[in-house]
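Okay, structure first, notes after.
The figures that follow rest on heavy atoms only: side chains count, while hydrogens, waters and symmetry mates do not.
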Amino acid sequence: MKILALILALSLSSVAYAENEIVGAFGVRLGDAIDERMEFVEQNDKGALVYKFTPDKRHEYFSEYTVLATIKTKIIFRIIAIHQYANKEACHGRRRILRVALSKKYGKASGLTSFIPVWKNDNRAILLNCKGY
């Protein structure tokens, strides 16, 4: 069975413009230090520290929440929310709804990367993806 994951990733990245500043998601701020309530998972193959967390307010479209942090300072540079869907239509339907909500908050997506809408401002970005694996 093919499983699709709806992935929302916020990260420190390239410079562009959006309506509102991208600061974080799910109660976590980009650039902050790891919270001691987060659960350490691993150091990934790119040298980042991976932590799981449970937001105070879960979003109904996501079931897994992680952050990536730097090794030395433990500063959060990426927030990831994922949910797996059994079929492509369900995943793409949720993505369309989230795309509208993100466009209302941050303005029109500033680009597409392989059909993935991207919102960028300052040195931060949001990517919204349905990924099959």
Separation between [atom1] of [X] and [atom2] of [Y], rounded to the nearest 0.5 Å:
| X | Y | atom1 | atom2 | value |
| --- | --- | --- | --- | --- |
| N44 | E42 | CG | CD | 6.0 Å |
| K52 | M38 | NZ | CE | 13.0 Å |
| Y65 | T54 | OH | OG1 | 9.0 Å |
| K74 | I76 | NZ | CD1 | 11.5 Å |
| K105 | I22 | NZ | CD1 | 9.5 Å |
| L98 | N129 | CG | CG | 12.0 Å |

Over all atoms of both residues, closest heavy-atom pair of [X] and [Y]:
| X | Y | answer |
| --- | --- | --- |
| A109 | S103 | N-OG, 4.4 Å |
| R94 | Y61 | NH1-CE1, 2.6 Å |
| L30 | R78 | CD2-N, 3.9 Å |
| L68 | A48 | CB-CB, 4.3 Å |

Is there side-chain contact between [X] and [Y], with heavy atoms separated by less than 4.5 Å?
| X | Y | value |
| --- | --- | --- |
| T70 | K72 | no |
| V50 | F40 | no |
| D32 | I75 | no |
| I82 | F62 | no |
| H59 | F26 | yes |
| I34 | L49 | no |

* **Any donor-acceptor pair under 3.5 Å from T66 side chain to Y51 backbone** => no
* Can I79 be reached from V23 by stepping across I, L, V, M, F, W or Y side chains whose heavy atoms are under 4.5 Å apart? ->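 Looking at the clustering, I79 is in a separate group from V23.
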* To do: Count the heavy atoms belonging to other residues, nucleotides or ligands that lie under 6.0 Å from CG of D56, then report whether that count exceeds 12.
  => no
